[in-house]
Amino acid sequence: MPVPEKPALEGLEKTLAERWEREGTYRFDRTKTREQIYSIDTPPPTVSGSLHVGHVFSYTHTDIIARFQRMRGKEVFYPMGWDDNGLPTERRVQNYFGVRCDPSLPYVPNFTPPEKAEKQPISVSRPNFIELCTKLTVEDEKAFENLWRHLGLSVDWSMTYATIGADAQRVSQKMFVRLLAKKLAYQVEAPTLWDVDFKTAVAQAELEDREQPGAYHKIHFYREPGAGSREPVAIETTRPELIAACVALVAHPDDARYQHLFGTEVITPLFGVKVPVKAHALADPEKGSGIAMICTFGDTTDVTWWRELKLPVRAIVQANGTLGPVTWGAPGWESLDAPRAQSAYDQLAGLSSKKAQAKIVELLRESGDLQGDPKPITHAVKFYEKGDRPLEIVTSRQWFIKTIDFRDEFIKRGQEISWHPEYMRLRFENWVNGLNGDWCISRQRFFGVPFPVWYPLRDNGRVDYDNPLIAEESRLPIDPSTDVPTGYREDQRGKPGGFVGDPDIMDTWATSSVSPQLVTFWDSDPELFARTFPMDLRPQAHDIIRTWLFSSVVRAHFENNSVPWTNAAISGWVLDPDRKKMSKSKGNVVTPLAMLEDYGSDGVRYWAARGGPGVDTAFDVGQMKIGRKLAMKVLNVSKFVLGGDPQDGAVTEPLDRGMLQNLAALVDEATAELDNYEYAKALAKIESFFWDFCDNYVEAAKSRKYGDFGVEAAASASTAMRLALSVLLRLLAPYLAFACEEVWSWTNSGSVHRAAWPTRDEILHVSGTDATAQQALLHVTEALNVIRKGKVDQKVSIGTPVQEIVYQADDEAIACLRLVERDLKAASRTDSLVLKAGAETGVQITLKPPVEA
RNA sequence: GCGCGCGUAGCUCAGCUGGUUAGAGCGCACGCUUCACACGCGUGAGGUCGUUGGUUCGAAUCCAUCCGCGCGCACCA
């Protein structure tokens, strides 16, 4: 393809993306050996709407690494996944189609949702709901892929996976079954963090603290029956609505104020329940009155106290967040005054925690058990990160994967991984060291990977959880709600003597955490697995170190006795101009496609590339414009360098040799930075060289290239420039994937993205290594700067031919400049250039006499 | 409370294994259209490198302290 008359960036994204697809430029060649392969465990973006700037930012980083590794000769294994399972999809489907899942409804074949979502949601069965999820995510995934292609991700698009796909289900289930066999996964009925709106258990990793208004309520417990009894024990609590669930009071064992109470019993206000006073080191004498109410369950500390002090359960908060019914006087709910307890509690039953609190404050005030007014405070409260109301702790049966006993081993695995940047390892270690329980992986939701487990139903109709029926590995994936355990018939489902399926699905991280095994076909393609695992790179953002990264380490440790990957590249966030994380809720997210169209994919890639590993980066269209200008400059200078007839010949001129030698040094530096995942630093160096190349070298050698000093001198310039351009295009190709490919195509048949990464030797082979030449370009640049300034001082343009220039500099510079005098003379537009050695650097310029009319 | 990152020109950032007058781009001011590029070229103004101490012949760079911003973990009666 010839050099175009007017090179342009417009439309390159479309034509080149099509060409890359047609030619299979990024197709993975699985015949290569493990040493030749570089495998990447790309984050599957959540298909719950649209991609945002943050995605474009971090995925570009990964693509730069991928392109670099590919050019270095690695066969890059770079599949793309879609995270289409889990709550975000469920929520999106609910809103998009106007439906709600009701698992009790039967499946309706060929169900079609209304054209426009109606206000009142339609209830649909679980299989129908899942059908709609699948339908919507397929559309979403298409849109995502188009955007990624437009951005220029060098993904092998024949290798995509979905986290709800059959492969993902099989691998998730198989790895779960194996954990069961090793007794690393288990099921238990226990107090669990619970979201009352989603009505599901959640894991420690999914919590976040939010500052909430609350109030200390000072209430009285009594040492003997009757509100007027002596020595009431005053405790402060932020959750008076849980008094009915109180099972003990607790203070620090050394707290002098409460020594006389330890081992005695006190009576709860309103409900008249006798509870013991206990000592425990976790009780903080500084906090409140120093003595706390233990309820089942107000917070995680309650769970600890309850477990360690072996207290009974009196649970009142239900799965939906309201207080459940209680019969006072019944076993476990003994009261000194059951009728009074009942009449008080009946006013609370059915209310949410918040409403119950307001009500019980009234009751406590009436009874005189509340001392003074509640004291407003602000305190951190645990929320499910996607939830709207504080978490409750509800006792339920859940699946867990063991983590707490393996903390040291996980830390060691973390040390086997190279972190980019290095300090992100500390976040991992902080998290592992702070684990306070095993990993709860079951969720009471619908759209996700089910547990491959059924339970026998005893003849009395009770579920026999202790003898689960585990699906055989060869049958996976299965759905226990439609598949039948081996040895049973479908008509035995739900019948005494029959079976029931486990109703839960796996947490989204429990399935995402197997992505390294999933993409490398751990269980179904051992040959591919051996060539790609452990993978080379996990790129991801820092906010999911505790979830995705951690859980992946856990799974690979247990299943493969290995790290899942040897490098973790942690990208930062995109910040809006106010330095806040960009997010949808703040309404400041820019549509990526519009951005790519406005500034070009190369412009956007440039902006992204400047944000180094782990660095939060400001959203800045100014940088995108600069990137676009850089890409444009690449096209234009290439047009000059490659234009005209090629003149091949030896590189003899010192200026040319010097430029190439500097370029060789640049190649070494840039390669070292990229090897170390410092793509931003490499870009800064390459870019700086490139502009210097355009503004100084090309300017100085231009005249010679045109043939002003003969054929040999022209050939030297032409050959040097072409080599330099070839090297620069290859150095810039990982960043400006489109512009570089476009230029490359003018003189090459293959893709620049499959071209060999440049080496110092290929340059020095042509340029030689003489030290004098290395200095030549430096001094020419210096001289040109001084002369340009001199011209500006005399108010003439840079291009104005002048009578005479006298340039003075030190001996070394002048000696060097004499070697390249012709170039300097031509570039400064004078017929008479006098080079003078002297202590001071300076210039005298004599203008041509004005031409008489 | 423990830990991490950041604080350099109006803006976005580089420099930070200590060493000549602290850099780049954008923005701003001024000037330049024949021969790759006006999506261009050039020149200029602009900074006591967050504070206060210390180490050193010499500190943006090392140490300590404090201040501010962001984040992680823990606590959360």
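Sequence lines set the chain letters: A, B, ... in the order given, protein chains first and strands last, and positions in each chain run from 1.
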Would you mind classifying the nucleic acid contact of [X] as base, sugar-phosphate or nothing, using non-hydrogen atoms under 4.0 angstrom?
X: A/Leu426; value: sugar-phosphate
X: A/Glu429; value: nothing
X: A/Ala684; value: nothing
X: A/Lys287; value: base
X: A/Gly622; value: nothing
X: A/Ser638; value: nothing
X: A/Asp793; value: nothing
X: A/Lys681; value: sugar-phosphate
X: A/Arg239; value: nothing
X: A/Leu282; value: base
X: A/Ala680; value: nothing

Taking side chain as C-beta onward, heavy atoms only, is [X] less than 4.5 Å from [Y]?
X: A/Leu207; Y: A/Leu391; answer: yes
X: A/Phe221; Y: A/Pro232; answer: no
X: A/Tyr606; Y: A/Arg628; answer: no
X: A/His61; Y: A/Tyr679; answer: yes

message = Suppose we call a contact any N or O donor and acceptor under 3.5 Å apart; does that hold for the side chain of A/Asp695 and the base of B/C41?
response = no

key: Quiz item: A/Lys633 side-chain donor-acceptor pair to B/C37 base, under 3.5 Å   = yes

Find the distance [X]:[atom1] to [N]:[atom2] and express it as a whole number of Å.
X: A/Ile235; N: B/A77; atom1: CD1; atom2: P; answer: 11 Å
X: A/Leu683; N: B/C13; atom1: CG; atom2: C1'; answer: 12 Å
X: A/Trp419; N: B/G3; atom1: CH2; atom2: C1'; answer: 15 Å
X: A/Lys791; N: B/C32; atom1: NZ; atom2: P; answer: 14 Å
X: A/Glu241; N: B/A77; atom1: CD; atom2: C1'; answer: 13 Å
X: A/Glu699; N: B/C35; atom1: CD; atom2: P; answer: 11 Å
X: A/Leu784; N: B/C41; atom1: CG; atom2: C1'; answer: 13 Å

Strictly by Watson-Crick or wobble contacts shorter than 3.5 Å, is anything paired with [N], and which nucleotide is it?
N: B/G10; value: B/C26
N: B/C41; value: B/G31
N: B/A64; value: B/U52
N: B/G70; value: B/C4
N: B/C57; value: B/G19

Which nucleotide in the list [options] gets nearest to the side chain of [X]?
X: A/Trp431; options: B/G44, B/C73, B/G72; answer: B/C73
X: A/Arg427; options: B/C71, B/C75, B/G40; answer: B/C71
X: A/Tyr423; options: B/C71, B/G5, B/A77; answer: B/G5
X: A/Asp299; options: B/C76, B/U12, B/A74; answer: B/C76
X: A/Gln204; options: B/U43, B/G40, B/A74; answer: B/A74
X: A/Arg610; options: B/A77, B/C13, B/C73; answer: B/C13
X: A/Gln623; options: B/A77, B/C75, B/U12; answer: B/U12
X: A/Asp616; options: B/G70, B/C35, B/C75; answer: B/G70
X: A/Trp691; options: B/C41, B/C73, B/C37; answer: B/C41
X: A/Thr237; options: B/A77, B/U43, B/C13; answer: B/A77

Same-atom distance ([atom1]) from [N] to [M], integer angstrom:
N: B/C71; M: B/A60; atom1: P; answer: 31 Å
N: B/C62; M: B/G68; atom1: C1'; answer: 23 Å
N: B/A22; M: B/G46; atom1: P; answer: 13 Å
N: B/G27; M: B/C67; atom1: C1'; answer: 30 Å
N: B/A64; M: B/G19; atom1: C1'; answer: 24 Å
N: B/G42; M: B/C4; atom1: P; answer: 45 Å
N: B/A59; M: B/U52; atom1: C1'; answer: 15 Å
N: B/G1; M: B/U17; atom1: P; answer: 31 Å

inquiry  = By nearest heavy atom, map A/Pro285 and A/Asn785 onto RNA chain B; which one lands nearer the 5' end?
reply    = A/Asn785

remark   = Assert: residue with more 5' nearest nucleotide on RNA chain B, out of A/Met293 and A/Glu10, is A/Glu10

message = Is a donor from one side chain sitting under 3.5 angstrom from an acceptor on the other, for A/Gln623 and A/Arg610?
response = yes

Distance-only donor-acceptor check, side chains A/Tyr697 and A/Asn662, under 3.5 Å = no

query = Hey, are A/Arg427 and A/Glu429 close enough for a salt bridge, meaning a charged N less than 4.0 Å from a carboxylate O?
reply = no

request  = Could you walk me through whether A/Glu236 and A/Lys287 pass salt bridge (charged side-chain N to carboxylate O under 4.0 Å, His left out), step by step?
outcome  = CA-CA 9 Å; A/Glu236 289 190 283; A/Lys287 216 168 270 179; over 6 Å; no

inquiry  = It should be established whether A/His379 places a side-chain nitrogen or oxygen under 4.0 Å from OP1 or OP2 of nucleotide B/A77.
reply    = yes

OP1 or OP2 of B/C76 under 4.0 Å from side-chain N/O of A/Thr301 = yes

message = Against the six-membered ring of A/Phe709, is A/Arg704 placed for a cation-pi contact (under 6.0 Å from the centre, within 45° of the normal)?
response = no

